[in-house]
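Okay, so here's the structure we're looking at.
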Amino acid sequence: MQEKKGARLDLTMVGDWGTANFHTILGWLAAHLRWRSQPPSRFMIRTASAYREGIELVGTGNADLAITTPAHVGVRWALEGRHFYGGRAFPNLRTLGCLPQDDRLTLAVRADTGLASFADIRERRPALRIATPYRDHDNLCSYVIDLILKAHDIDPADIVRWGGTFVTHESPRVCLRRALDGEVDAVFNEAIMVLQWSEWVRQTAVRFIPIEPAAMKRLVDEYGLRPAAIEKGRLDNPEEIACLDWSHWVTVDRDDMPDDLAYRITAVMVEERAEFEARFRHIPVAHSPLTYPIVPARMPLGIDIPLHPGAERYYREHGHL
């Protein structure tokens, strides 16, 4: 018997720069939505920065769905029009749920710099070459990196004034390759599960720089950032390192998405999750971008924008909420 198909779709979705995980997610969703929808359904996947660009395209009605990370601060600021999204709120943003990724945002420096703390950086004013994400209008990660520096009374411009430089790229893997090749002294980035982090800390003596308690309090109280830690030994670190949470891949849509469409997309995310997991299960989970297994009951939780009613109906009807 042929499966009953839903209404024809014409969806525009926004992912990453084209070769990373957000595009993989959207390709998987598009394939299964195509098979569950009347022809000739059409799906367009746009490249983007993975942060501001996708959020604004969805919020302004120029795209239907985007993927971003992490599950908290950026999407909440967009909803409220604060900080990174200051001046323009998108209260119409909703989510269909998230896919699990256990990630952190942290600073690490070569041990031969002699630096072990943000206090050392403040006092010694070293000429550091730091690999970071692009430092531009679209990049939430570099915006938060600047907040961390400022919370430690370091103006990002100080790095350059002291003779240092920011060496930037959109891909964390490229940033880490520059560390592996000796082109930089430090990496301030996320994606700590990728193999290049482990390769760097095993090739080179590295120190992770913990966020100071007073700075962490400011980051949490003033901005709502989530504290986290790199567990002892996760990256050959001899002790736990205070840092920021940068976890989970979040779907972002609008409140005017039809309920039946939100329900259909959520059904794909839950019911076809084994196929998506299979793309990562050959990688040990500690190094996998996806923190498998995907647990449906966790997908709608911990996200700082409201759940779309159509998605909520799916989770409730199937006992996941």
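This one's a predicted model, so the numbers in the text were calculated from it and none came from an experiment. Count residues from 1 along the sequence.
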Could you walk me through whether Y85 and E80 pass the side-chain hydrogen bond (donor to acceptor under 3.5 Å, both in side chains) test, one step at a time? CA-CA 8 Å; Y85 293 95; E80 299 170 348; over 6 Å; no
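- Within 6.0 Å of atom CZ in R42, 12 or fewer heavy atoms from other residues, nucleotides or ligands are found, so the atom counts as exposed in its surroundings.
- In this structure a side-chain-to-backbone donor-acceptor pair under 3.5 Å is present from N237 to L235.
- The shortest non-hydrogen separation linking N139 to Y134 is CB-O, 3.2 Å.
- Ion pair R264/D259 not flagged as a salt bridge, since none of the NZ, NE, NH1 or NH2 atoms sits closer than 4.0 Å to an Asp/Glu carboxylate oxygen.
- Residues satisfying the side chain to side chain donor-acceptor pair (under 3.5 Å) criterion with R218, sequence neighbours excluded, are absent altogether.
- For S198, there are no side chain to side chain donor-acceptor pair (under 3.5 Å) partners, not counting sequence neighbours.
- Scanning for side-chain contact (heavy atoms from CB on, under 4.5 Å) contacts around S171 gives W17, H169, R173, V174, with sequence neighbours left out.
- Hydrophobic cluster membership is shared by V144 and I159, with clusters built from Ile, Leu, Val, Met, Phe, Trp and Tyr side chains linked at under 4.5 angstrom.
- Listed for the T251 side chain is a donor-acceptor partner under 3.5 Å among the backbone atoms of L96.
- Using a distance-only test at 3.5 Å, with no hydrogens or angles considered, no donor-acceptor pair links the side chain of D253 to the main chain of L93.
- Contact check for S49 versus E170: side-chain heavy atoms found under the 4.5 Å cut-off.
- Counting only heavy atoms from C-beta outward, the side chains of Y315 and H318 never approach each other to under 4.5 Å.
- For the pair R129 and D185, the salt-bridge criterion is met [side-chain N within less than 4.0 Å of a carboxylate O].
- Across every non-hydrogen atom of S247 and Q101, the tightest pair is CB-O, 2.9 Å.
- Looking at R36 and E272, a side-chain N of the basic residue comes within less than 4.0 Å of a carboxylate O on the acidic one, giving a salt bridge.
- Y223 and M216 fall within a single hydrophobic cluster, where Ile, Leu, Val, Met, Phe, Trp and Tyr are joined by side-chain heavy atoms under 4.5 Å apart, directly or via other members.
- Judged by distance alone, the side chain of R254 and the main-chain N or O of V58 form a donor-acceptor pair under 3.5 Å.
- Cluster note: L57 groups with V14 through ILVMFWY side-chain heavy atoms spaced under 4.5 Å, whether in direct contact or through intervening members.
- In this structure, T24 contributes its side chain and A20 its backbone to a donor-acceptor pair below 3.5 Å.
- Using a 30° and 60° split on the angle between ring planes, F280 and W249 fall in the tilted class, from 30° to 60°.
- Using a 4.0 Å cut-off between charged side-chain N and carboxylate O, D245 and R104 make a salt bridge.
- Counting only distance, with no hydrogens or angles, the side chain of T95 and the backbone of V252 share no donor-acceptor pair below 3.5 Å.
- Of all non-hydrogen atoms in C98 and V250, the two that sit nearest each other are CB-CA, 4.1 Å.
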Please walk me through it: do D255 and H308 pass side-chain contact (heavy atoms from CB on, under 4.5 Å)? CA-CA 7 Å; D255 56 4; H308 191 288; 5.6 Å; no
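- Put simply, the side chain of S37 never gets that close to the backbone of L9: no donor and acceptor are under 3.5 Å apart.
- Nearest heavy-atom pair across D138 and Y51 is O-CB, 3.1 Å.
- Using a distance-only test at 3.5 Å, with no hydrogens or angles considered, no donor-acceptor pair links the side chain of H248 to the main chain of A71.
- Atom CZ of R161 is surrounded by more than 12 heavy atoms from other residues, nucleotides or ligands within 6.0 Å.
- With 3.5 Å as the limit, one finds no donor-acceptor pair spanning the side chains of T168 and T132.
- Considering all non-hydrogen atoms of both residues, I154 and R122 come closest at CG1-CG, 3.4 Å.
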I'd like to know whether D236 forms a salt bridge (charged side-chain N to carboxylate O under 4.0 Å, His left out) with R202, so could you lay out the CA-CA distance, the side-chain angles of the two residues, the decisive distance to 0.1 Å, and finally the verdict. CA-CA 8 Å; D236 292 349; R202 288 169 187 162; 3.5 Å; yes
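- With 3.5 Å as the limit, one finds no donor-acceptor pair spanning the side chains of H32 and E271.
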With side-chain contact (heavy atoms from CB on, under 4.5 Å) as the criterion, how do R135 and D146 come out once you've worked through the C-alpha distance, each side chain's angles and the decisive distance to 0.1 Å? CA-CA 9 Å; R135 299 178 54 76; D146 283 0; 2.9 Å; yes
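- Using a 4.5 Å cut-off on side-chain heavy atoms (C-beta onward), L321 and R313 make no contact.
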Apply salt bridge (charged side-chain N to carboxylate O under 4.0 Å, His left out) to residues E240 and R234 and explain how you reach the verdict. CA-CA 9 Å; E240 185 176 89; R234 183 169 183 175; over 6 Å; no
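- Residues satisfying the side chain to side chain donor-acceptor pair (under 3.5 Å) criterion with T60, sequence neighbours excluded, are N62.
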Quick one, T68 with I55, criterion side-chain contact (heavy atoms from CB on, under 4.5 Å). Give me CA distance, side-chain angles, the key distance, then yes/no. CA-CA 8 Å; T68 192; I55 295 290; 4.0 Å; yes
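- Between F118 and F188, the ring-plane angle classifies as tilted under the 30° and 60° cut-offs.
- Inspection of the R52 and H137 side chains reveals an N or O donor paired with an N or O acceptor under 3.5 Å.
- Q203 meets the side chain to side chain donor-acceptor pair (under 3.5 Å) test with no other residue; sequence neighbours excluded.
- By the rule that hydrophobic residues join a cluster once side-chain heavy atoms approach within less than 4.5 Å of another member, I130 and V206 end up as members of separate clusters.
- Note: the hydrophobic cluster containing I192 does not contain L244 (ILVMFWY, side chain heavy atoms under 4.5 Å, direct or indirect links).
- Counting only heavy atoms from C-beta outward, the side chains of L180 and E199 approach each other to under 4.5 Å.
- With hydrogens and angles disregarded, no donor-acceptor distance shorter than 3.5 Å links the side chain of D64 to the backbone of M13.
- In the hydrophobic clustering of this structure, V268 groups with I25; members are Ile, Leu, Val, Met, Phe, Trp, Tyr whose side-chain heavy atoms approach within less than 4.5 Å, directly or through other members.
- The closest donor-acceptor contact from the side chain of T165 to the backbone of V167 lies at 3.5 Å or more, if one exists at all.
- A salt bridge links D181 with R177: the distance from a Lys NZ or Arg NE/NH1/NH2 to an Asp or Glu carboxylate oxygen falls below 4.0 Å.
- Using a cut-off of 4.0 Å between Lys/Arg side-chain N and Asp/Glu carboxylate O, D120 and R124 are scored as not salt-bridged.
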D102/M193 under side-chain contact (heavy atoms from CB on, under 4.5 Å): CA gap, chis, key distance, verdict: CA-CA 8 Å; D102 183 29; M193 77 295 297; over 6 Å; no
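- Less than 6.0 angstrom separates the ring centroid of Y143 from the ring centroid of W77.
- In this structure, R281 and Y292 approach most closely via the heavy-atom pair NH1-CD1, 3.5 Å.
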